Amino acid sequence: MATLRFFPLDATYRITDGKAVIYLFGRSFDGQTVCVTDENFRPYFYVLSGELDRVQSKIELLKVENERISAFVTGTEIVKRRYNGKEVRALKVYTNIPGAVPIIKDTISQWDFVDSVHEYDILFARRYLIDRGIVPFTPYEVEGEFVSVKSKVPVFRAERIEQRGEDIAEEPRILAFDIETYYNEREILPDKNPIIMLAFYGKDFRRVFTWKRFRTSDESIEFVESEAELIEKFKETIEHFKPEIITGYFSDGFDFPYIETRARKYKISLDIGLDYSELKINRKGGIDAKIAGINHVDVFRYVQRIFGRGLETESYSLNSVAYELIGEKKLEVNLDEMSKAWDEGGQKIEEYCRYNLHDAKLTYELCRKLLPNMVELVKIIGLPVDEVIRMGFSQLVEWYLLRQAPRFNEIAPNRPEHGDMGKRREESFKGAFVFEPKPGLYKNIAVFDFRSLYPSIISSHNISGGTLNCKCCGDEKVPFDDGKTNYWFCKRERGFLPTVIGDLIEHRVRIKEMIRKQEQQDMLLAARENVLKLLANSFYGYYGFFGARWYSIESAQSTTAYGRYYIHKVISKAEKEGFTVLYSDTDSIFLLLDKKTKEDAEKFMESVNLELPGLMELEYEGHYPAGIFVQTKDNTAGAKKKYALISDNGILKIRGFETVRRNWSLVAKELQENVLKIILKEGDAEKALVITKGTIKDLRDKKIPVEKVIIKTQITKEIGSYETVGPHVAIAKRLEAKGVAVAPGTIISYVVTEIGSKVRDKAKLPEEVREGEYDAEYYINNQVVPAVEKIFEVLGHSKDELVGKEQGTLGRFF
DNA sequence: ACCTACCGGGG
DNA sequence: GTGTACGGTAGGT
């Protein structure tokens, strides 16, 4: 018997001699890629029934044969479990192979003495990781021996696997790749157009393959004879580099499927899996590309589904994401000219090779930057990185619960059937409370918020489907504000989900404490804290998500009802103690301190906290010397979710003002920020007014440079398919007429000039416009004034005052 | 107002 | 692979 120590990274399984064998691919402590097999794990599922013995004796004889497989039961046992808040006896049914589970399940579901069947759709490799408690990226010690099995890496057959500590694997070998394809009809046609370049980027490794020669001194460029050879190089490079993670940007949806299509044309087998299996592309439902033994991380997928929430960027293109996260952009080349350069051959191709390599580099850097975050997610969810990065929030919650369930002896509820999902989609419920602010400029504001409001409510009030309206309690109802909904949650026994979320919150508090104490910043702790917060905050949404196993609309409703109850309680308590409440949204409250001190406010917070149950806590978010709330567009009320605050250290916090968006000109954006700064920092409305009038005058005097009046709007579809021709579409049409292709995704920059009647006729490209050749009145009325008029209204200055019309001008029209 | 269809990313 | 995306919104009714 030998011993092997390794970090598992990926799990799959294979049928050998009619038995399922688990394959764990990973990295040994000495840095080699290895495969550990485990033959000692059997597929199973659960049956609930009032007549377990009858099910047991009948099911053991069951054998279903079809043209593909023979499915039969290899054993059963009666076990004690919990289901939906109750102790149950369940029949655990083992089958010969994983594929037999759904077949047996379908058959016995029809027996009338079977109540329900559970956990029949948990993928086998995932089931293994959960039941054996194996977490990718953490160390294990294996006893067993090396065996000879067809594989690209050594195979070790395990008899016993045990966790060894919690260290994470050192930085994995990452290989990024990117392709450029021939295209001239502004359509992606993998059947027709070849791949012309292929770039790789890894640690101490950069290479571009292309199949047209030109003179170059760039050593990273390598010429091959044909596209087919380029695809062979793709396989070879992966084989030699031995990446543990292969990464691309939208490689699920573009690079891998494209390469697969081209490989099929040349009858090249893409057997890049470590077990010689082929690249597997799933086109049904969400597209994804899988390689056995190598984690394929499509950075785009992770950013789009999970990480992007915390980013400023509105577009998840490689260019904008890379710019925000690593401060680097794509190389600027004219892609429309690429195919022409390719046809003509020669030196011009080189810049596209550099462009190609640079994209691979950006992808590599992004993957490295995001990896700590992804690994923390892996360690909490317990599934391989290529799986967790493709999950949405609800799936993350679900797989976290499925991993926790065995610890609590819980049997998982089933996913809803199609009809149920339809019904669930219909059910809606009341959300959070938002206080209507009184428009005005205020000084000396204290802001408080509930720490993780919804997660702490779920934990503190034991909110779950299994504890809802129990038979043993009922004296304390959920404080619904409709006065009729009658729910309560058990006080005697903790529910599964509230326990799990409570553990998450406490874990996060410990990590936060560690972060607070540490001398130098530990990025891993920060990433872990981030992931725990993300997960905890997703539970409430999960309760109301139609596809959830632990769906409980009553729990979702009760969570927001408690949320509204507590925030109202804080509001009335604050008012009773003489504070003016300026604003409140969901879990936050803004107090006007006025004559009261910060100490008074903190005392208030402490007294609130004394009355809060469980993990609930009101926190001091910060003090703001000034803040402004404005009116709605129709001037009928104070605008919700639209305000600006300035902090003690002079940082502006702007929420909901539409001009922070991209398709506004700089002149309007800058003025808005300036005006807010002057009003909040210096409290000088007159100065803000003077500056605004100055900007308007400068516009009229044509003193504003053209770059500040450029408006950028994206072309989102084919030009011909636009019904309404906005200014950016009009420009695109003119470009097309000149023979310049404008593909969807292009951002059109334009300036509105005075020549023409409709805005679309007046729009010109910036390079066609000379300094001062813009329509001042357009910019004043459609950009500058809308950006600041709501702010000035609060200060008692009308729109007319801004644009310099005489007071009372309106009167003449009446 | 409500519903459906399509888009994103990639070249 | 013990499977069948998703969330937003433009455009139509």
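Chain A is the first sequence line, chain B the second, and so forth, proteins listed ahead of strands; every chain is numbered from 1. Heavy-atom basis, side chains included; hydrogens, waters and symmetry copies ignored. Every value quoted in this text rests on a predicted model; they were computed, and no experiment measured them.
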Report which part of the nucleic acid A:Phe45 touches: base, sugar-phosphate, or nothing (heavy-atom distance under 4.0 Å, all strands).
-> nothing
When you measure from the centre of the six-membered ring of A:Phe209, is the NZ or CZ of A:Lys233 under 6.0 Å away and within 45° of the axis?
-> no
Checking A:Lys150 against A:Tyr276: charged group under 6.0 Å from the ring centre and within 45 degrees of the axis?
-> yes
Looking at every strand, decide which applies to A:Arg415 at a 4.0 Å heavy-atom threshold: base, sugar-phosphate, or nothing.
-> sugar-phosphate
Sugar-phosphate only, base, or nothing, as touched by A:Pro98 at under 4.0 Å among non-hydrogen atoms | base
Check the distance between B:dG9's P and A:Phe307's CZ and give it to me in whole angstrom.
-> 17 Å
Which is true for A:Tyr183 with a 4.0 Å heavy-atom rule: it touches a base, it touches only sugar-phosphate, or it touches nothing?
-> base
Name the nucleic acid region contacted by A:Leu318, choosing base, sugar-phosphate or nothing; use a 4.0 angstrom heavy-atom cut-off, strictly under.
-> sugar-phosphate
If the P atom of B:dG8 is compared with that of C:dT4, how far apart are they to the nearest Å?
-> 27 Å
Think A:Arg132 forms a cation-pi with A:Phe41, using NZ or CZ under 6.0 Å from the six-ring centre and within 45 degrees of its axis?
-> no
Candidate pair A:His118 and A:Arg549, rule side-chain hydrogen bond (donor to acceptor under 3.5 Å, both in side chains), full reasoning = CA-CA 11 Å; A:His118 293 271; A:Arg549 287 176 191 268; over 6 Å; no
Regarding the side chain of A:Lys290, the nearest nucleotide among B:dG8, C:dG1, B:dG9 is C:dG1
Indicate whether OP1 or OP2 belonging to C:dT2 is found under 4.0 Å from a side-chain N or O atom of A:Tyr128.
-> no
Taking the P atom of each, how far is C:dT9 from B:dG9, in whole Å?
-> 13 Å
Answer with base, sugar-phosphate or nothing: what part of the nucleic acid does A:Arg390 contact at a heavy-atom distance below 4.0 Å?
-> nothing
Check: A:Asn282 side chain, C:dG3 base, donor-acceptor under 3.5 Å = yes
Which part of the nucleic acid does A:Arg126 contact within heavy-atom distance under 4.0 Å: base, sugar-phosphate only, or nothing?
-> nothing
Gap in Å between the two P atoms, one belonging to C:dG3 and one to C:dG8, rounded = 29 Å
Side-chain atoms of A:Ser315 come closest, of B:dG11, C:dT2, B:dG9, to B:dG9
Touch check for A:Ile188, heavy atoms < 4.0 angstrom, all strands: base, sugar-phosphate only, or nothing?
-> base
Out of B:dG11, C:dG3, C:dT2, whichever nucleotide has its closest atom nearest the side chain of A:Val101 | C:dT2
Atom CD of A:Glu119 and atom C1' of C:dG3: how far apart are they, to the nearest Å?
-> 16 Å
When the distance from CD of A:Glu398 to C1' of C:dG3 is rounded to whole Å, what number comes out?
-> 13 Å
Of the listed nucleotides B:dG9, B:dG11, B:dG8, the one nearest the side chain of A:Thr181 = B:dG11
Which whole number of Å gives the distance between the P atom of C:dC6 and that of C:dG1?
-> 14 Å
Indicate whether the side chain of A:Asn319 and that of A:Ser317 have a donor and an acceptor atom separated by less than 3.5 Å.
-> no
Which whole-number value in Å describes the distance from A:Phe546 CZ to C:dT4 P?
-> 13 Å
Which of the following nucleotides, C:dG1, B:dG11, C:dC6, is nearest to the side chain of A:Glu180?
-> B:dG11
Rounded distance in Å - CG (A:Asn319) to P (B:dG11) = 11 Å
Could you check which of C:dC6, C:dT2, B:dG9 has an atom nearest any side-chain atom of A:Pro43?
-> C:dT2
When we call it a touch if two heavy atoms are under 4.0 Å apart, what does A:Asp252 touch: a base, just sugar-phosphate, or nothing?
-> nothing
Among the nucleotides B:dG11, B:dG9, C:dT2, which one has an atom lying closest to any side-chain atom of A:Asp178?
-> B:dG11
Close aromatic pair by centroid cut-off 6.0 Å: A:Phe250 and A:Phe300 = yes
Please work out if A:Asp359 contacts a base, only the sugar-phosphate, or nothing of the nucleic acid, heavy-atom cut-off 4.0 Å.
-> sugar-phosphate
Validation row, ring centre A:Phe177 to ring centre A:Phe256 under 6.0 Å | yes
To the nearest angstrom, how far is A:Ile122 atom CD1 from C:dT4 atom P?
-> 11 Å
When the distance from CE of A:Met421 to P of C:dG7 is rounded to whole Å, what number comes out?
-> 12 Å
So does A:Lys330 get a side-chain nitrogen or oxygen closer than 4.0 Å to the phosphate oxygens (OP1/OP2) of B:dG11?
-> yes
Starting from P on C:dA5, measure out to CZ on A:Arg425 and report it in whole angstrom.
-> 10 Å
Which part of the nucleic acid does A:Ile179 contact within heavy-atom distance under 4.0 Å: base, sugar-phosphate only, or nothing?
-> sugar-phosphate
